[in-house]
Structures are given as C-alpha cells and as structure tokens.
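Below: one structure, written as structure tokens.
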Amino acid sequence: VIAEVNASAEAFLNLSARSLRGAPVFDRVMIDAPLDDAFRRVRTDQASLAINNVEVGSGEGRPQRCNVQVAPMQAMPGFVLILIEPYRLTRVTSFLRPFEDPYNTGYQLSQALIAFGRGEWLGVGLGNGIQKQFYLPEAHTDFVMAVIGEEFGLIGTLLVICMFALIVWRSYAIGERAEARGDRYAAYVAYGLGLWLGMQAFINIGVNVGLLPTKGLTLPFLSYGSNSLIVCCIAVGMLLRVRHENQTVGDGREGQWQRV
C-alpha cells in the first residue's frame, strides 16, 4: 500500500511540475520520492508570499523544477473588487490622509490621532480621557490603544508594546527549547501562538496610529470582549503547557528563561 501511495504521489508531483513550469518564484523546496521522506527534505532559502522553485523528482538524476505562484493569484480577486468600486478604494486608502475628510471617511482615525496627541508624554491620567466619552467610536475594542495613549501617554503606549514584544520573545524562546529537545509539534505550536499574538497586536496598533487601513481587529488581552479574552488566555495556557514540558521532559534545562 505504501509503495502504491508513493508511486501515485510521484506521478502527481511530476504532472504538476510539467503543468506549472514557468511561473514566478520565491521559496526553494526539494521534494524527492518516496512520499514518507518528502517533507523531511524541505529547504527554505528565503521568505515570501509565493511558492518558488519546487524541484520534483524520484531521487535518480536531476529532479524536475517547477515554479508555483500562490499569493498573487489569491490576492488578485481582492484587488479587482477594491478597484471596481470607488467607495471601497476610498475606505482602503483613507488612512493615508484622514484629516482631508475628518467628519466622514477619516473620522475614526483622526479622532484616534487626536487622542494620542492629547496624551503627550505621560497622558492625562487614568479615567480622564475625553475622546472615549464623546468622540472616538469603538474606543473599548478596536481603538483601545488610542485610549491608552491618551490616558497614559507615550510612556504607557511604549510599555504596552514592550509587553507584547515580551510575549512574542518568550513564545519563540519556549518554541526553541521544545525544538531542541526534539518535540517539533510543541515547538511549532509555540511559534505559531507567538506569531499570532504578535501580528494581531501589530495590526491593531498599526491601525490606531494610522500605519495600516482601519480593520476591526481586537488588541489581545486589552480589548473588550469575552471571546477574544478567552481565546487569548487559552493561547497563553498552551504556551505554559509547552514550557512545563520543557522543564519536565528530558533533561529539563531551560536556564535563564525560568526566571522570566
């Protein structure tokens, strides 16, 4: 049965190589039959959003090479849908100049920037913010970072960013330790959770400061909403479980990370 599966997979990959040859590239992946050894020989040369230089062969002679373009094909329909409707294009690009239309398309972002400006270095004090009471929409969810910036100032904002950076750093440290003891599944879970929390925080903060288009994405652990908070706590629990296994399985040496 395994031999038949390997033969079928090899035939499929060879057919894909012939049909997909000639597209632009990004990642170099070497796949040789048999199938059970294929994913052990994946070699990434550079990161991008498309799959690139896929070499497919049977292990004898020079393998065939094909290029697979993924991300541009997936993104193209979205770009088309944005361009064919002016209001969609305006919504996507309004973050570039929010004060050109501060009472319509740029209202939410302009009020968020005003909140950051009022906070200055140390903020106006906890509970003394004005923007959240009368002007800033969704101040308790999507734009909670603007409220933090107003009430705690630049110092408080930097502290929040440093806390998220600490979470990402610890996640990758835990994942690295798990990978070192041979548990790749636990390592990839830790890497994925750290990347998820870090990217979500980056997108939310980027929206608040006008770096990215307005997107309804909560700030982990801080935005109002029980579902978001529960999922984030589950993620932290999984990270703590991986760290616990790092300490108890094998030699259990984690060194300096145990003090954090």
Side-chain angles (χ1 to χ4, degrees), residues 94-103 105-176 190-240 243 255-260:
S94 61
F95 78 100
L96 298 173
R97 295 175 295 275
F99 290 100
E100 286 189 358
D101 192 4
Y103 298 106
T105 58
Y107 178 78
Q108 196 170 22
L109 180 55
S110 62
Q111 295 300 322
L113 295 177
I114 291 173
F116 281 111
R118 292 192 72 250
E120 297 183 352
W121 286 97
L122 299 176
V124 298
L126 179 62
N128 294 329
I130 301 298
Q131 294 297 107
K132 66 180 182 182
Q133 299 182 17
F134 304 106
Y135 305 105
L136 181 61
E138 304 299 333
H140 59 300
T141 55
D142 302 343
F143 281 80
V144 68
M145 194 67 182
V147 177
I148 294 174
E150 181 182 13
E151 297 188 354
F152 296 97
L154 178 63
I155 303 300
T157 302
L158 292 178
L159 286 176
V160 172
I161 294 175
C162 289
M163 291 301 296
F164 281 109
L166 177 63
I167 293 174
V168 175
W169 167 53
R170 287 294 299 126
S171 300
Y172 276 79
I174 292 171
E176 183 180 8
Y191 293 151
L193 292 175
L195 181 63
W196 158 42
L197 294 174
M199 287 301 298
Q200 184 168 335
F202 171 78
I203 293 173
N204 181 276
I205 296 173
V207 167
N208 277 252
V209 300
L211 183 64
L212 300 172
T214 302
K215 174 67 176 173
L217 198 64
T218 60
L219 185 63
F221 306 107
L222 295 178
S223 291
Y224 174 85
S226 58
N227 290 340
S228 175
L229 182 59
I230 289 172
V231 172
C232 291
C233 290
I234 291 174
V236 172
M238 296 174 68
L239 284 172
L240 292 176
R243 181 178 183 272
Q256 59 182 348
W257 311 122
Q258 297 183 9
R259 298 192 295 270
V260 179

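From a predicted model like this one, the values you see are computed outputs, not experimental measurements. Positions are given from 1 along the sequence. Side chains are part of it too, since the values below use all heavy atoms of this structure and drop only hydrogens, waters and symmetry mates.
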Non-hydrogen side-chain atoms of [X] and [Y] separated by less than 4.5 Å:
{"X": "Leu195", "Y": "Tyr172", "result": "yes"}
{"X": "Val147", "Y": "Gln131", "result": "no"}
{"X": "Ser94", "Y": "Asp101", "result": "no"}
{"X": "Met145", "Y": "Phe116", "result": "yes"}

Of all heavy-atom pairs between [X] and [Y], which one has the smallest distance, and what is that distance?
{"X": "Thr141", "Y": "Tyr224", "value": "CG2-O, 3.7 Å"}
{"X": "Asn128", "Y": "Val124", "value": "ND2-O, 3.0 Å"}
{"X": "Thr157", "Y": "Gly149", "value": "OG1-CA, 3.4 Å"}
{"X": "Gly127", "Y": "Gln133", "value": "O-NE2, 4.1 Å"}
{"X": "Phe221", "Y": "Cys232", "value": "CE2-CB, 3.5 Å"}
{"X": "Leu239", "Y": "Ser171", "value": "CD1-OG, 3.3 Å"}

task: May I have the step-by-step check of side chain to side chain contact (heavy atoms under 4.5 Å, CB included) for Glu176 and Tyr191, ending in yes or no?
output: CA-CA 8 Å; Glu176 183 180 8; Tyr191 293 151; 3.9 Å; yes

Quick check against the 3.5 Å criterion: does [X] have a side-chain atom that pairs as donor or acceptor with the backbone of [Y]?
{"X": "Ser110", "Y": "Tyr107", "result": "yes"}
{"X": "Glu151", "Y": "Gly119", "result": "no"}
{"X": "Tyr135", "Y": "Ala112", "result": "no"}

Pairs involving residues 115-124, ordered by first then second residue, that meet side chain to side chain donor-acceptor pair (under 3.5 Å) (sequence neighbours left out):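 Passing the test, one end in residues 115-124: Arg118-Glu150.
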
Rounded distance [0.5 Å steps], [atom1] in [X] versus [atom2] in [Y]:
{"X": "Lys215", "Y": "Phe95", "atom1": "NZ", "atom2": "CZ", "value": "14.0 Å"}
{"X": "Ile114", "Y": "Ile130", "atom1": "CD1", "atom2": "CD1", "value": "13.0 Å"}
{"X": "Leu109", "Y": "Leu136", "atom1": "CG", "atom2": "CG", "value": "10.0 Å"}
{"X": "Leu166", "Y": "Leu159", "atom1": "CG", "atom2": "CG", "value": "12.0 Å"}
{"X": "Leu240", "Y": "Arg170", "atom1": "CG", "atom2": "CZ", "value": "9.0 Å"}
{"X": "His140", "Y": "Lys132", "atom1": "NE2", "atom2": "NZ", "value": "12.5 Å"}

Name every donor-acceptor pair, under 3.5 Å, that has one atom in a side chain of residues 196-213 and the other anywhere in the protein, sequence neighbours excluded.
unit_1	atom_1	unit_2	atom_2	d
Trp196	NE1	Gln200	OE1	2.8
Gln200	NE2	Thr218	O	3.0
Gln200	NE2	Thr218	OG1	3.1
Asn204	OD1	Asn208	ND2	3.4
Asn204	ND2	Asp142	O	3.1
Asn204	ND2	Leu217	O	2.5
Asn208	OD1	Ala146	N	3.1
Asn208	ND2	Asp142	O	3.0
Asn208	ND2	Asn204	O	2.7

So, using side chain to side chain contact (heavy atoms under 4.5 Å, CB included) as the criterion, who are the partners of Leu229 when residues are at least two apart?
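With neighbours one apart ignored, the set is Cys233.
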
**Message:** I'd like to know whether Phe152 forms a side chain to side chain contact (heavy atoms under 4.5 Å, CB included) with Leu126, so could you lay out the CA-CA distance, the side-chain angles of the two residues, the decisive distance to 0.1 Å, and finally the verdict.
**Reply:** CA-CA 7 Å; Phe152 296 97; Leu126 179 62; 3.5 Å; yes

Answer yes or no: does atom OH of Tyr103 have more than 12 heavy-atom neighbours from other residues, nucleotides or ligands under 6.0 Å?
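No.
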
